[in-house]
Amino acid sequence: MSVPTPLSYTRAADEQPVKPPTTSEILASTETMKAAEPWAHHKVVGVGEQFIVKYGRHVKQLEGDNLLFLELQQLGEFSPLLYALWRGGDGVLFLVMERLRGETLESLWPALLEAVKLKVLVKLREAFERFRALPQNSYFGSVTQSHLPSTLSGTHMKPTFFSSHLSLDLVKADRKPVFTHSDLQRKNILVEEVQVSKGEKEFRVKVVDWESAG
């Protein structure tokens, strides 16, 4: 388990590729990668070659907590690094993350050879077996020991309902908690093809959108 990330957080300067973007630089970005609509609850934009930034009033601090938790557990190879996190005076939360290489599995899947699909799935299986093996101290909830997000399996529920009903049923059934992404879709998996030697390629996979994990 971990504790909530302080608002604000900035990774040490010697662990960053370049200085993180400022609020004004983020808001000036024209590279909108998600939620370009004015009514969208949050946006994801690219800033330079190094950073992806998710920001909005409905962005969850828990996503930053989860990224730092994964890195602490030596699983940062499967997720983006968190470089900075802060909340502006207007309540907007900014998450500055590593800009990952590769394409989404959603876009790649239709054209992949079966042998390549198998290699990618083997990598994903390794990643999720390691996620699910993380110690959870018999606690059903987030890594900061708070309640699960209000959206669970497509159903909105109050935290009190989960703690007083579902969690008790899980304990009575002797179910053990495991760390779970909670929104695993092909669009949330990035695949990068890497040339490791002459005629030999390797596929690296990373998972994004950790806001509902626990």
Side-chain angles (χ1 to χ4, degrees), residues 1-12 15-16 20 41-42 44 51-87 91-98 100 123-171 173-185 187-190 205-214:
M1 297 294 176
S2 64
V3 296
T5 309
L7 281 176
S8 66
Y9 163 84
T10 303
R11 183 177 292 271
E15 296 179 5
Q16 304 220 37
H41 289 161
H42 68 261
V44 179
F51 302 111
I52 294 293
V53 183
K54 178 184 286 189
Y55 68 94
R57 289 187 178 86
H58 294 271
V59 171
K60 298 182 179 69
Q61 180 186 346
L62 181 59
E63 182 161 9
D65 295 329
N66 283 326
L67 294 179
L68 291 177
F69 172 75
L70 287 167
E71 186 179 359
L72 183 66
Q73 299 295 327
Q74 309 300 314
L75 289 170
E77 65 188 281
F78 298 117
S79 61
L81 293 173
L82 178 70
Y83 288 126
L85 177 155
W86 70 89
R87 190 179 297 279
V92 173
L93 185 70
F94 293 84
L95 291 175
V96 180
M97 297 172 284
E98 173 189 10
L100 301 176
K123 288 283 187 179
L124 280 172
R125 179 172 181 173
E126 176 196 348
F128 278 85
E129 284 181 344
R130 290 175 64 185
F131 295 152
R132 295 172 70 82
L134 291 173
Q136 291 296 303
N137 300 325
S138 300
Y139 182 80
F140 291 94
S142 75
V143 297
T144 58
Q145 294 199 346
S146 59
H147 62 78
L148 288 170
S150 60
T151 303
L152 184 66
S153 301
T155 303
H156 290 272
M157 63 180 69
K158 294 180 179 180
T160 52
F161 179 85
F162 179 85
S163 61
S164 61
H165 294 81
L166 295 186
S167 61
L168 290 178
D169 290 340
L170 291 169
V171 171
D174 198 27
R175 300 291 181 89
K176 303 297 182 184
V178 293
F179 187 71
T180 305
H181 181 271
S182 299
D183 190 21
L184 184 61
Q185 305 180 58
K187 69 178 183 179
N188 288 336
I189 299 168
L190 290 177
V205 299
K206 296 213 175 191
V207 185
V208 299
D209 280 355
W210 289 91
E211 63 183 21
S212 299

Parallel, tilted or perpendicular: rings of Phe69 and Phe179 (30°, 60°): tilted
Glu77 side chain reached by Arg130 side chain, heavy atoms, under 4.5 Å: yes
Lys187/Asp209 salt bridge by N-O under 4.0 Å criterion: no
Check: Phe51 and Gln16 side chains under 4.5 Å, non-hydrogen atoms: yes
Atom pair CD/NE2 of Glu211 and His181 - distance to nearest 0.5 Å: 8.5 Å
Under 3.5 Å: donor-acceptor pair, side chain of Ser212, backbone of Ser182: no
Side-chain (Asn66) to main-chain (Trp210) donor-acceptor, under 3.5 angstrom: yes
Min side-chain heavy-atom separation Leu75-Leu134 under 4.5 Å: yes
Ring geometry between Tyr55 and Phe94 (parallel below 30°, tilted from 30 to 60°, perpendicular above 60°): parallel
CG-CZ distance between Leu95 and Arg87, expressed to the nearest 0.5 angstrom: 9.5 Å
Ile189 CD1 to Leu124 CG distance, which is reported to the nearest 0.5 Å: 4.5 Å
pair Glu126-Val205: side-chain heavy atoms closer than 4.5 Å: no
Beyond-backbone contact of Glu63 with Val208, side-chain heavy atoms, under 4.5 angstrom: no
Heavy-atom pair of closest approach, residues Val178 and Thr180: O-OG1, 3.0 Å
Point-to-point distance, once rounded to the nearest 0.5 Å, from CG of Leu190 to OG of Ser79: 11.5 Å
Inter-residue atom distance Met97.CE - Tyr83.OH, 0.5 Å rounding: 11.5 Å
Contact check, side chains of Lys54 and Val44, non-hydrogen atoms, under 4.5 Å: yes
Option passing side-chain contact (heavy atoms from CB on, under 4.5 Å) with Trp86 (candidates Val96, Val92, Thr10): Val96
Residue pair Arg11, Glu71: steps toward the salt bridge (charged side-chain N to carboxylate O under 4.0 Å, His left out) verdict: CA-CA 12 Å; Arg11 183 177 292 271; Glu71 186 179 359; 2.6 Å; yes
Beyond-backbone contact of Leu81 with Glu15, side-chain heavy atoms, under 4.5 angstrom: no
Pairwise distance CG(Leu70) to CG(Asp65) - rounded to 0.5 angstrom: 11.0 Å
